[in-house]
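Contents: one structure, followed by commentary.
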Amino acid sequence: MKILTIVGARPQFVKAAAVSRAFQSVEGISEVIVHTGQHFDKNMSDIFFDEMQIPKPDYHLEINSLSHGAMTGRMLEEIEKVFQKEQPDFTLIYGDTNSTLAGALAARKLHGKVVHVEAGLRSFNMEMPEEINRILTDRISNVLFCPTDLAIENLKKEGFDQFDCRVVKCGDVMEDAALFYAQMAEEKSSILQDIHFEKDQYILTTVHRAENTDDQQKLSNLVTAINKINDQIPVVIPIHPRTKKRLATFGLELKATLIDPVGYFDMIQLIRNARLIMTDSGGLQKEAFFFDRFCITLREQTEWKELVDFGYNELTGSDPILIEKTVDRFLNETFKKEHNFYGGGTASKVIAETLLKIHENTNSYSVLPS
Ligand code: UD1
């Protein structure tokens, strides 16, 4: 069974690390990896392949820094060529980026079978490019691997039980990665010593979503909040290139500790030693939970609603007063984990085994699990 995997952006490398490892451990699966090039800096791409020992991409398309349409269009064109050459049994895409949508569209139009890992997530905010990408990708996927019960519910509400596809709850592949690499990160990362911070003495923050960085008022509000909090407890920010550019354009100054984007091992160490996480990243919201840390989500909605419903995470948007109030509250609370929402580290294995079964019995996708 041949799987064509399309990756391109940072969170997809983390997911692919877990799933490719599972593919290698199951007999009868061969994988061809395409890197679209969406993320291209050494510390946004290569470092993940190196530390997490992800197989080297077989194809590198080098498509980046373009508008949404141009980026997606050029990827579509190039992935189509790879698909025609490789003739895979399945084309696998992750998450919600432009690389995801391009991979799904290219394969489906050529009658390929499309596998979406991290299907069914919704923010219900159609202004987000990610929401558009994930809805369109889900609709044209043949096999939809959902990380949570809520994701399954979302698809049912959209009528997916009427469509010719298979929806499977598998758990979250990011939890597989977090569990697998945690010890290695502990041994190999020296980030805390490098930046002179100690356990529980800082807040880790990331901001990169277009909805926050491209809106001057929102970005300015976030800068105000972060600068104020930084006077109380140091804030460390691995700064995404998009955010760096926008801060410069809008003439905004962050007074926190800014560092370059970090690899997976350093990120894991920064998360598990932080007092608290503030982020607009989807992945970090869960990683905070995996490592028993509260999270403040700098967005109005989240796809990981279960974390908010059970008090592990709070949505503040970019409101500086609400952010400061929530920081104060979480700094005075103790994290107690009472749920296991994400499968406990077996998602990748479920994906590999399910695909093999579907491949052996290839006709129908139209079964929803009860
Ligand atoms: C993309 C995804 C988002 C995901 C995020 C993870 C889409 C629509 N968005 O957002 O879902 O959460 O990746 O980080 O696909 N840049 C660099 N170096 C890099 C990568 C990007 O300088 O290695 C620059 C680009 O040139 C561009 C900006 O950063 O100017 C944004 O990159 P882009 O790929 O458009 O989107 P992200 O914000 O990273």
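Only heavy atoms go into these numbers, but all of them, side chains included; no hydrogens, no water, no symmetry mates. Note that ligands are numbered from 1 as they come in the structure, with each ligand's atoms numbered from 1 the same way. What you are looking at is a predicted structure, and each value in this text was computed from that prediction instead of being measured. Count residues from 1 along the sequence.
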Checklist entry - Against heavy atoms of Asp96, which atoms of ligand 1 measure under 4.0 Å? => result 11 (O)

Item to check | ligand 1 atoms in contact with Lys245 (distance to a heavy atom under 4.0 Å) | outcome: 24 (C), 25 (C), 26 (O), 27 (C), 30 (O)

Checklist entry - Going by the atom numbers of ligand 1, which of them fall below 4.0 Å from some non-hydrogen atom of Met44? => result 19 (C), 20 (C), 23 (O)

Next on the checklist: With a heavy-atom distance limit of 4.0 Å, tell me whether Pro11 approaches ligand 1 through its side chain, its backbone, both, or neither.
Outcome noted: side chain

Next on the checklist: Return the closest protein heavy atom for atom 22 (O) of ligand 1 as residue, atom name and distance.
Outcome noted: Pro241 CB, 3.2 Å

Checklist entry - Got a salt bridge between Lys169 and Asp149, using NZ or NE/NH1/NH2 to carboxylate O under 4.0 Å? => result yes

Next on the checklist: Tell me whether the count of non-hydrogen atoms from other residues, nucleotides or ligands lying under 6.0 Å of CG in Leu110 goes above 12.
Outcome noted: yes

Checklist entry - Which atoms of ligand 1 sit under 4.0 Å from any heavy atom of Asp41? => result 17 (C), 18 (N), 19 (C), 22 (O), 23 (O)

Next on the checklist: Please identify which of these residues, Glu158, Glu303, Glu130, Glu153, meets the salt bridge (charged side-chain N to carboxylate O under 4.0 Å, His left out) condition with Arg122.
Outcome noted: Glu158

Checklist entry - Quick one: nearest non-hydrogen protein atom to atom 14 (O) of ligand 1, plus distance? => result His39 CE1, 3.0 Å

Checklist entry - If we only count N/O pairs under 3.5 Å, is Ser65 in contact with ligand 1? => result yes

Checklist entry - Would you call Glu78-Lys81 a salt bridge at under 4.0 Å N-O? => result yes

Checklist entry - Any Lys/Arg nitrogen of Glu186 or Arg272 sitting under 4.0 Å from an Asp/Glu carboxylate oxygen of the other? => result yes

Next on the checklist: Centroid separation under 6.0 Å, is that true for the rings of Tyr312 and His339?
Outcome noted: yes

Checklist entry - Does the pair Lys218/Glu211 count as a salt bridge with the N-to-O cut at 4.0 Å? => result no

Checklist entry - Below 3.5 angstrom, do we get any N/O pair linking Phe40 and ligand 1? => result yes

Next on the checklist: Checking the N or O distance criterion of under 3.5 Å, is ligand 1 in contact with His68?
Outcome noted: no

Checklist entry - Which residue and non-hydrogen atom of the protein lie closest to atom 4 (C) of ligand 1, and at what distance in Å? => result His208 NE2, 3.8 Å

Next on the checklist: Can you report which non-hydrogen protein atom sits closest to atom 33 (P) of ligand 1, along with the distance?
Outcome noted: Gln38 NE2, 4.0 Å

Checklist entry - Which pairs, with at least one residue in residues 252-263 and sequence neighbours excluded, count as a side chain to side chain donor-acceptor pair (under 3.5 Å)? => result none

Item to check | Thr97 N/O under 3.5 Å from ligand 1 N/O | outcome: no

Next on the checklist: How far is atom 38 (O) of ligand 1 from the closest protein heavy atom, and which atom is that?
Outcome noted: Arg242 NE, 2.7 Å

Checklist entry - If you count the atoms of ligand 1 from 1 in the order shown, which ones are under 4.0 Å from a heavy atom of Met71? => result 35 (O)

Item to check | cation_pi(Arg10, Phe48) dist<6.0 Å, angle<=45 | outcome: no

Next on the checklist: Taking 4.0 angstrom as the limit and counting only heavy atoms of Glu130, give me the atoms of ligand 1 inside it, by number and element.
Outcome noted: 3 (C), 9 (N), 11 (O)

Checklist entry - Do Arg134 and Glu118 sit within salt-bridge range, that is, some charged N less than 4.0 Å from a carboxylate O? => result no

Checklist outcome for this item: Looking at Ile132, Asn43, Asn98, the heavy atom closest to atom 8 (C) of ligand 1 belongs to Asn98

Checklist entry - Any nitrogen or oxygen of Asn133, main chain or side chain, under 3.5 Å from a nitrogen or oxygen of ligand 1? => result no

Checklist entry - Taking only residues two or more places apart in sequence, or in another chain, which ones meet Arg242 in a salt bridge (charged side-chain N to carboxylate O under 4.0 Å, His left out)? => result Asp214

